[in-house]
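To start, the structure under review is shown below, and the notes come after it.
In this text the structure is predicted, and so the values were computed from the model without any measurement.
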Protein chains: 2
Amino acid sequence: MSAVNCTPSVGRPRAFDIDTALEKALEVFWRKGYDGTSLSDLTEAMGINKPSLYAAFGNKEQLFLKAIEMYESRPCSFFLPALEKPTAYQVAEHMLHGAAMNMADTSHPQGCVVVQGALSCSEAAATVKEALINRRVEGEQKLCARFERAKQEGDLPASADAETLARYLGTVLQGMAVQANNGASSEQLRQVAEMTLLAFPRAG
Amino acid sequence: MSAVNCTPSVGRPRAFDIDTALEKALEVFWRKGYDGTSLSDLTEAMGINKPSLYAAFGNKEQLFLKAIEMYESRPCSFFLPALEKPTAYQVAEHMLHGAAMNMADTSHPQGCVVVQGALSCSEAAATVKEALINRRVEGEQKLCARFERAKQEGDLPASADAETLARYLGTVLQGMAVQANNGASSEQLRQVAEMTLLAFPRAG
DNA sequence: AGGGTTATTTACCGTTGAGTACAGATATCT
DNA sequence: AGATATCTGTACTCAACGGTAAATAACCCT
């Protein structure tokens with residue numbers, strides 16, 4: 001009955017590292033999307049066979065969801081750290097610059113797997129698509145809450161519309177993911193970040 | 001040898017309308033993406049059998065490319081008309097407002113098929129992905145050329161960076177497509193459009 | 001009316017999709 | 001050492017995939 005996933009002490013030990021395999025799976029999903037990724041793509045990249053994949057991760061869908069979880073809690077993730085900057089403007093600044101650096105980084109697939117993992121997809125991927133939409137919307141809600149706080153703290157004018165600011169920022173970040181797929185460089189994305197900040201209200 | 005596609009005068013006449021079928025195919029690709037769309041999805045939506053599809057459109061890939069062509073030349077397309085507005089600011093304004101209206105329009109799938117048709121995809125879709133990237137990049141090049149002209153005509157300051165302006169606008173438009181997939185309304189997208197315009201240089 | 005031409009229908013092709021049964025391998029526990 | 005539990009590899013299932021062969025149906029032209 002136990003659904004825990006920690007290494008059992010008895011039985012033959014797993015011959016691969018769960019997190020390393022998950023990283024590999026993430027990279028494939030990121031590059032090819034959920035529908036575009038086959039189990040053969042996954043097992044090849046992860047260096048394991050199908051029964052091992054199913055035993056360790058459940059199925060393709062659960063593997064994807066676990067990969068997304070890992071993606072969002074990575075050390076190179078820029079979203080949550082940026083939220084903790086002292087002012088709303090600095091939050092936006094760090095998030096945009098972080099995105100510009102990260103999304104065009106050639107040490108991994110371009111863009112953002114939460115945006116492009118299942119944007120348009122088959123019915124088989126409906127669950128995954130919903131999960132990604134939820135992540136994107138939650139991200140904007142966190143931004144919105146942060147900007148509401150900034151209004152109270154006085155580093156955003158009381159007249160500012162936190163929800164629209166959050167949606168504007170979210171839109172640019174998601175657009176940057178598409179830009180990175182177009183082949184845009186970090187420097188080009190940084191210029192977009194600067195323009196975006198021109199519309200952003202400063203302290204007052 | 002003739003590769004023309006106009007209705008021949010001899011032989012059994014086609015029992016379906018090419019353009020109507022193409023519209024249906026477009027809608028499926030738009031909603032499900034290239035990888036997420038199967039031939040059964042297509043034939044069902046188009047109301048024809050596979051051999052008819054192959055005879056009329058070649059194969060899945062060519063059908064997709066033809067659907068995209070139709071998409072861009074539709075009467076409801078907002079991109080090219082906006083380019084012809086008298087000033088750079090008005091170009092941006094009309095394009096952003098057009099996108100806000102169009103992408104959240106519930107009379108067709110949300111977003112933009114050029115953005116979401118094959119953002120991350122399998123190797124089988126590589127050609128299609130390239131074609132879509134080209135369309136997006138070409139769109140930005142048209143914007144860039146329009147803004148260069150605006151600088152010469154004096155409705156953009158000589159100091160303006162046409163390329164960055166075009167990329168900024170492209171980024172927001174592409175981000176709007178993702179937003180529409182998130183469920184954003186036209187009104188919410190219009191607010192994003194307004195914020196985007198705040199960063200846009202006016203006559204001077 | 002009949003030949004030539006093209007479209008439709010049905011039934012199929014080989015391949016790959018996701019997912020699994022089962023036997024053998026490798027560990028711990030007693 | 002032996003029992004037990006877990007993982008690995010091979011070989012398989014069955015359905016769906018993109019694409020096509022061949023027969024039949026519907027039209028034009030003479």
Side-chain angles (χ1 to χ4, degrees), chain A residues 1-22 25 28-29 32-67 118 121-128, chain B residues 1-22 25 28-29 32-67 118 121-128:
Chain A
M1 258 304 173
S2 149
V4 280
N5 217 0
C6 54
T7 316
S9 53
V10 299
R12 177 172 174 173
R14 183 172 282 121
F16 62 95
D17 180 64
I18 286 264
D19 283 342
T20 309
L22 201 49
V28 179
F29 280 131
K32 300 193 170 189
Y34 184 79
D35 277 333
T37 299
S38 71
L39 279 185
S40 321
D41 292 334
L42 291 166
T43 52
E44 190 183 347
M46 299 164 88
I48 63 179
N49 294 338
K50 277 193 275 187
S52 298
L53 188 156
Y54 278 85
F57 301 104
N59 60 14
K60 187 184 171 186
E61 181 178 316
Q62 289 171 46
L63 173 59
F64 182 88
L65 297 174
K66 282 174 186 158
C121 61
S122 67
E123 275 135 32
T127 307
V128 156
Chain B
M1 257 306 174
S2 149
V4 279
N5 218 358
C6 53
T7 316
S9 52
V10 299
R12 178 173 175 173
R14 182 172 284 121
F16 62 95
D17 180 63
I18 286 262
D19 283 341
T20 308
L22 201 49
V28 179
F29 281 131
K32 299 193 172 189
Y34 184 79
D35 278 333
T37 299
S38 72
L39 279 183
S40 321
D41 292 333
L42 292 166
T43 53
E44 191 183 346
M46 300 164 88
I48 62 178
N49 294 337
K50 277 192 278 187
S52 296
L53 188 157
Y54 278 85
F57 302 104
N59 61 12
K60 188 184 173 187
E61 180 178 316
Q62 290 170 46
L63 173 59
F64 182 88
L65 297 175
K66 282 173 186 158
C121 60
S122 67
E123 275 134 32
T127 307
V128 156

Among all residues two or more places apart in sequence or in another chain, which pass the side-chain contact (heavy atoms from CB on, under 4.5 Å) test with [X]?
X	value
B:Ala125	B:Tyr34, B:Asp35, B:Cys121, B:Ser122
A:Asn59	A:Tyr54, A:Glu61, A:Gln62
A:Ser38	A:Ser40, A:Asp41

To the nearest Å, give me how far apart [atom1] ([X]) and [atom2] ([N]) are.
X	N	atom1	atom2	result
B:Leu53	C:dT6	CG	C1'	17 Å
B:Asn49	C:dC12	CG	P	16 Å
B:Asp35	D:dA16	CG	P	19 Å
B:Arg14	C:dT5	CZ	C1'	13 Å
B:Ile48	D:dG18	CD1	C1'	15 Å
A:Phe57	C:dA18	CZ	C1'	17 Å
A:Asp41	C:dA18	CG	P	8 Å
B:Ile18	C:dT8	CD1	C1'	14 Å

Any heavy-atom pair between the side chains of A:Asp17 and A:Leu22 that's under 4.5 Å? no
Among [options], which nucleotide has an atom closest to any side-chain atom of [X]?
X	options	result
B:Ser40	D:dC17, C:dT9, C:dA27	D:dC17
B:Arg12	C:dT8, D:dG9, D:dC17	C:dT8
A:Phe16	D:dT8, D:dC17, C:dT8	D:dT8

Is the phosphate of [N] approached by [X] (side-chain N or O, under 4.0 Å from OP1 or OP2)?
X	N	answer
B:Ser38	D:dC17	yes
A:Ser9	C:dT28	no
B:Ser52	C:dT8	yes

Output a table of nitrogen or oxygen pairs between the protein and nucleotides 1-3 of chain C separated by less than 3.5 Å.
none

Base, sugar-phosphate, or nothing: which does B:Thr37 touch, judged by heavy atoms less than 4.0 Å apart?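 Sugar-phosphate: the residue B:Thr37, judged by heavy atoms under 4.0 Å, touches backbone atoms but no base.
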Once you round to the nearest 0.5 Å, how far does OG1 of A:Thr20 lie from CD1 of A:Ile48? 11.0 Å
Polar atom pairs between nucleotides 19-22 of chain D and protein, under 3.5 Å, N or O only, would you list them?
from, atom 1, to, atom 2, distance (Å)
D:dG19, OP2, B:Tyr54, OH, 2.6
D:dG19, OP2, B:Lys60, N, 3.4
D:dG19, O5', B:Tyr54, OH, 3.0
D:dG19, N7, B:Lys50, NZ, 3.3
D:dG19, O6, B:Lys50, NZ, 2.4

For a quick test of reading the model, state the closest non-hydrogen atom pair linking A:Ala45 to A:Val28 and the distance between them.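 For A:Ala45 versus A:Val28, the nearest heavy atoms are CB-CG2, 3.5 Å.
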Please give me the minimum heavy-atom distance between A:Lys66 and A:Ala56, naming the atom from each residue.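 Between these two residues, the closest heavy atoms are NZ-O, 4.1 Å.
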Just grab all the salt bridge (charged side-chain N to carboxylate O under 4.0 Å, His left out) pairs involving residues 42-60 of chain A, residues at least two apart or on different chains. none
For B:Pro13 and A:Ala15, take the nucleotide of DNA chain D holding the closest heavy atom to each; which residue's nucleotide lies nearer the 5' end? A:Ala15
